[in-house]
Visitor: 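This is the structure I want to talk about, given as structure tokens.
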Amino acid sequence: MAMADLLLRVRFQLPHNFSSCSPFAITPVQFMHSMPLVVAAGGVCCDIRRGGGDGGRKLAMGIMASSYLPRAFARWPMPAHSSGSGGSAAFAHLGKNSTGDRFVLNAADMGVTGAVVDAAEEVEDRVVASDEFRSTALISSREQYAAMYRRSVEDPDGFWADIASHFYWKTKWQSEDGKIHSANMDVRNGQVAIEWFKGGETNICYNSLDRHVEAGLGDKIAFFWEGNDPGVDDKLTYKELLERVCQLSNYLRDQGVKKGDAVAIYMPMLVELPIAMLACARIGAVHSVVFAGFSAEALSQRILDCRPNIVLTTSGVRRGSKVIKLKEIVDDALQHVLSEGFAVGTCLTYANDSAVKREDTAWQKGRDIWWQDVVPNYPKESAVEWMDAEDTLFLLYTSGSTGKPKGVLHTTGGYMVYTATTFKYAFDYHDDDIYWCTADCGWITGHSYLTYGPLLNGASIVVFEGVPNYPDAGRCWEIVDKYKVSIFYTAPTAIRSLMQSGNEPVKRHSRKSLRVLGSVGEPINPSAWRWYYDVVGDARCPISDTWWQTETGGFMITPLPGGWPLKPGSATLPFFGVQPAIVNENGLEISGECSGYLCIKAPWPGMMRTLQGDHARYETTYFAPFKGFYFSGDGCRRDKDGYYWLTGRVDDVINVSGHRIGTAEVESALVSHPQCAEAAVVGFDHEIKGQGIYAFVTLLEGVEYSQQLRASLVNAVRTHIGPFAAPDKIHWAPGLPKTRSGKIMRRILRKIAAKQLDELGDISTLADPSIVDQLIGLRDK
Ligand code: WTA
């Protein structure tokens with residue numbers, strides 16, 4: 001038994017002045033509590049729950065082996081927790097994952113005294129689906145999963161061919177000896193190349209729409225659209241959606257858009273956004289959706305990379321109480337690309353009058369066209385372009401460890417089969433489910449699990465234009481009740497932010513339609529998991545914590561609800577066909593219980609095929625670091641049950657509210673400021689966002705450090721990337737800690753940002769070690 005597994009239960013009394021001796025602000029605890037304590041060797045951990053209506057406060061504290069303690073302790077908000085669970089339930093929240101959830105406290109300072117009252121016992125928080133849930137689940141036991149999983153890795157061709165045969169193929173894939181894929185993932189054996197279903201001809205739009213309409217599902221609702229303001233809504237059946245898609249695809253064809261041409265899309269969450277994606281897919285055009293929170297400059301960079309002749313946008317959008325003039329941003333971007341010698345021919349603009357009216361929208365005659373003036377005039381039927389399974393479906397740009405975003409390229413057949421299958425199993429999808437994914441189509445989740453995955457399954461999908469806390473923190477649950485949502489998929493950052501408003505906004509709505517919950521984008525800390533499970537799901541709905549990436553196309557490690565017990569904070573087990581490997585620094589796979597770098601050792605249908613225009617970068621980033629493997633960029637731990645616990649990025653990428661931001665991108669935005677000499681950016685733990693952006697900035701000689709300058713530096717990042725990448729903290733740095741060869745030692749900067757000053761490690765290799773003290777002195781200046 002590992003040290004960390006040795007958990008002892010202890011009762012002790014908490015002093016009255018608990019809050020004053022704790023390094024964090026904690027509501028004073030007025031009563032003496034008896035509580036369980038986890039004891040091993042080393043630091044002290046604590047998870048505190050304030051009881052709600054029942055007046056009870058539950059507290060759990062733990063001392064755990066220091067080897068097991070997470071490096072960075074996040075200060076998650078305290079959940080108000082009014083369920084009737086006793087101390088041991090709260091105790092169980094000290095799960096073994098360490099993606100935040102714990103506080104380091106000094107036991108002696110707190111005056112904690114305790115005595116061991118129970119014998120050693122192994123405590124683990126496991127959540128098991130009810131018999132009722134399992135009775136209808138697609139996968140209802142680990143054995144059933146294991147048998148399917150075994151086949152998926154021993155005979156991937158047979159496994160995926162069986163599934164693929166349920167889709168419509170104009171021409172079946174070519175297969176010699178039953179082989180439906182070929183792959184080289186090992187850079188030592190030549191170029192990395194992945195193919196699935198090669199020679200097969202299909203169309204993902206046809207499979208998402210026509211196939212269902214032809215099967216008699218034309219009147220089923222495809223999209224329930226909920227506007228930013230309550231009461232503003234719309235809905236589209238599969239038949240209506242197909243007609244709208246056909247009209248737009250006819251318009252695009254009329255503009256000369258052909259198979260293989262790129263189309264850039266910069267739109268908010270109106271149904272026109274997935275319609276635009278589907279229309280491109282129908283005619284074989286490559287869509288490149290850019291999240292409508294990126295700045296003009298970021299948009300222009302993406303346009304210059306994929307060179308579309310047409311951009312689709314919207315006059316503007318209202319997000320909560322804010323109005324954002326999207327067309328203006330596009331105008332700036334198009335101006336910028338023009339100055340780089342590239343002209344976009346057409347800017348098709350959807351007039352979203354509720355945000356920005358036509359007459360208030362700047363217009364360039366000849367280039368700009370109102371969507372509503374032209375698209376509805378086109379026929380409601382349009383021919384399908386049959387695509388080879390390996391023809392490009394879309395590009396989606398994501399951040400990497402250099403300043404230039406990577407154009408992740410996905411192809412048609414494998415992506416289609418993979419997103420549909422992962423959606424079905426990970427959410428235990430049944431035909432009568434109503435599904436809501438809160439993601440924006442500007443990110444991969446909106447591609448795979450708001451658009452393609454659910455539509456390929458013929459699902460009814462809620463599309464929400466607004467934000468979770470507008471007009472108040474109950475909005476999500478109001479929408480759940482309004483549409484009888486049964487599967488709800490969101491990000492930990494949204495859960496943590498809603499948690500802050502307490503239980504009342506949740507409890508005020510019934511939520512009885514909910515059946516399955518999902519989480520994506522970053523590790524979900526156990527206390528947010530618990531709140532999501534206990535309060536949102538009334539301890540009734542399994543949570544699928546889905547680990548995956550833009551690059552993987554679909555879920556890689558995820559619970560299949562009903563299949564096996566969940567552990568809060570763990571993405572649990574690999575999906576069918578996914579073979580994870582945890583490797584050490586030397587690139588050697590390690591087995592059993594271990595921690596290391598998360599790699600995947602065999603190809604899967606949904607994986608990206610290349611980076612737009614840069615196959616060399618594709619190989620160096622993903623396949624060269626650990627030979628023979630796909631490298632995810634994430635750290636990971638595997639426990640004794642084979643469960644995977646994602647621990648965050650190990651490269652220079654920060655995950656802010658589930659959005660990947662490269663530190664290099666932020667640094668290059670900062671140094672573009674005329675008064676900035678140098679910048680180094682690191683991530684730090686953030687209560688709501690998961691990670692925040694912490695920038696060390698050196699100004700040019702003679703420039704005075706001022707509050708005003710801080711604001712203008714933050715503004716530079718907003719302009720270069722977008723508001724979501726704005727640094728949370730600017731730390732003035734007269735110099736940066738560098739080695740003699742000039743390399744910035746980010747490890748030290750991360751420790752300073754996290755205030756872990758006793759963990760700075762060896763600083764003697766720095767060219768100028770005194771800089772460290774100077775930086776510490778300037779921490780809150
Ligand atoms: C992180 C989003 C832990 C991870 C789908 C990954 C997660 C990056 C999870 C990809 C999860 C995503 N648990 N970490 N369930 N889901 N991540 O490309 O660091 O925007 O590498 O794709 O998000 O982010 P991306």
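Note that the structure is a prediction, hence the values are computed from the model and not measured. Atoms within each ligand, like the ligands themselves, are counted from 1 in listed order. Side chains included, hydrogens not; waters and symmetry mates left out as well; all remaining heavy atoms used.
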Visitor: Evaluate Met608 against Tyr630 for side chain to side chain contact (heavy atoms under 4.5 Å, CB included), listing each step before the verdict.
Guide: CA-CA 11 Å; Met608 65 170 164; Tyr630 163 82; 4.1 Å; yes

Visitor: For atom 3 (C) of ligand 1, what's the nearest protein heavy-atom neighbour? Residue, atom name and distance, please.
Guide: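 For atom 3 (C) of ligand 1, the nearest protein heavy atom is Pro523 N, 3.1 Å.
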
Visitor: Identify, by atom number and element, the atoms of ligand 1 in contact range of Asn655, meaning under 4.0 Å from any of its heavy atoms.
Guide: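 Atoms satisfying the 4.0 Å criterion: 1 (C), 23 (O).
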
Visitor: Output the list of atoms in ligand 1 that are nearer than 4.0 Å to some heavy atom of Arg649, sorted by atom number.
Guide: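 By the 4.0 Å cutoff, the relevant atoms are 6 (C), 19 (O), 21 (O).
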
Visitor: If you measure from each heavy atom of Trp548 to ligand 1, is any distance below 4.0 Å?
Guide: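 So Trp548 counts as touching ligand 1.
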
Visitor: Just going by heavy-atom distances, which of Glu551, Gln549, Arg660 is nearest to atom 24 (O) of ligand 1?
Guide: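 Considering heavy atoms of Glu551, Gln549, Arg660, the nearest to atom 24 (O) of ligand 1 sits in Arg660.
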
Visitor: If you count the atoms of ligand 1 from 1 in the order shown, which ones are under 4.0 Å from a heavy atom of Asp545?
Guide: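 Checking each atom against Asp545, I get 11 (C), 13 (N), 15 (N).
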
Visitor: By the definition side chain to side chain contact (heavy atoms under 4.5 Å, CB included), identify the one residue from Asp545, Leu573, Leu598 that meets it with Ile557.
Guide: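 Among Asp545, Leu573, Leu598, the one that satisfies the side chain to side chain contact (heavy atoms under 4.5 Å, CB included) with Ile557 is Leu598.
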
Visitor: For atom 23 (O) of ligand 1, what's the nearest protein heavy-atom neighbour? Residue, atom name and distance, please.
Guide: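 Of every protein heavy atom, Gly521 O, 3.1 Å lies nearest to atom 23 (O) of ligand 1.
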
Visitor: Would you say Ser632 and ligand 1 have an N/O pair spaced under 3.5 Å apart?
Guide: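 No; the residue has no nitrogen or oxygen that sits under 3.5 Å from a nitrogen or oxygen of the ligand.
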
Visitor: Where does the angle between the aromatic ring planes of His659 and Trp443 fall among parallel (under 30°), tilted (30 to 60°) and perpendicular (over 60°)?
Guide: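 Rings of His659 and Trp443: parallel, as their planes differ by under 30°.
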
Visitor: Quick check on contacts: which atoms of ligand 1 are under 4.0 angstrom from a heavy atom of Val520?
Guide: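 Listed by number with element, the hits are 5 (C).
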
Visitor: Identify, by atom number and element, the atoms of ligand 1 in contact range of Thr546, meaning under 4.0 Å from any of its heavy atoms.
Guide: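 So the answer, numbered in order with elements, is 9 (C), 11 (C), 15 (N), 16 (N).
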
Visitor: Nearest protein heavy atom to atom 6 (C) of ligand 1, by residue and atom, and its distance?
Guide: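 Scanning the protein heavy atoms, the shortest distance from atom 6 (C) of ligand 1 goes to Asp634 OD2, 3.2 Å.
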
Visitor: Below a 4.0 angstrom heavy-atom separation, can you tell me which part of Ile524, side chain or backbone, both or neither, approaches ligand 1?
Guide: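 No part of Ile524 is near ligand 1 at this cut-off.
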
Visitor: Would you call Asp614 and Lys404 a salt bridge, taking side-chain N to carboxylate O under 4.0 Å as the test?
Guide: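 Salt bridge flag = no for Lys404 with Asp614.
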
Visitor: May I ask you to decide whether Asp641 forms a salt bridge with Arg126, counting only side-chain N to carboxylate O separations under 4.0 Å?
Guide: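 Result for this pair is yes, salt bridge flagged.
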
Visitor: State the CD-OG distance between Gln301 and Ser295, to the nearest 0.5 angstrom.
Guide: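 These two atoms lie 8.5 Å from each other.
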
Visitor: Please determine whether side-chain hydrogen bond (donor to acceptor under 3.5 Å, both in side chains) holds for the pair Ser448 and Tyr415, giving the CA-CA distance in whole Å, both sets of side-chain angles, and the decisive distance to 0.1 Å.
Guide: CA-CA 9 Å; Ser448 302; Tyr415 177 84; 2.7 Å; yes

Visitor: Going by the ring-ring contact (aromatic ring centres under 6.0 Å, His included) test, name the single residue among Trp160, Tyr149, Tyr425 that passes it with Phe576.
Guide: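 The ring-ring contact (aromatic ring centres under 6.0 Å, His included) with Phe576 is passed solely by Tyr425 among Trp160, Tyr149, Tyr425.
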
Visitor: Give the numbers and elements of all ligand 1 atoms closer than 4.0 Å to a heavy atom of Leu646.
Guide: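 Atoms satisfying the 4.0 Å criterion: 3 (C).
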
Visitor: Can you tell me how far OG1 of Thr558 sits from CD1 of Ile543, rounded to the nearest 0.5 angstrom?
Guide: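 One gets 11.5 Å once the value is rounded to the nearest 0.5 Å.
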
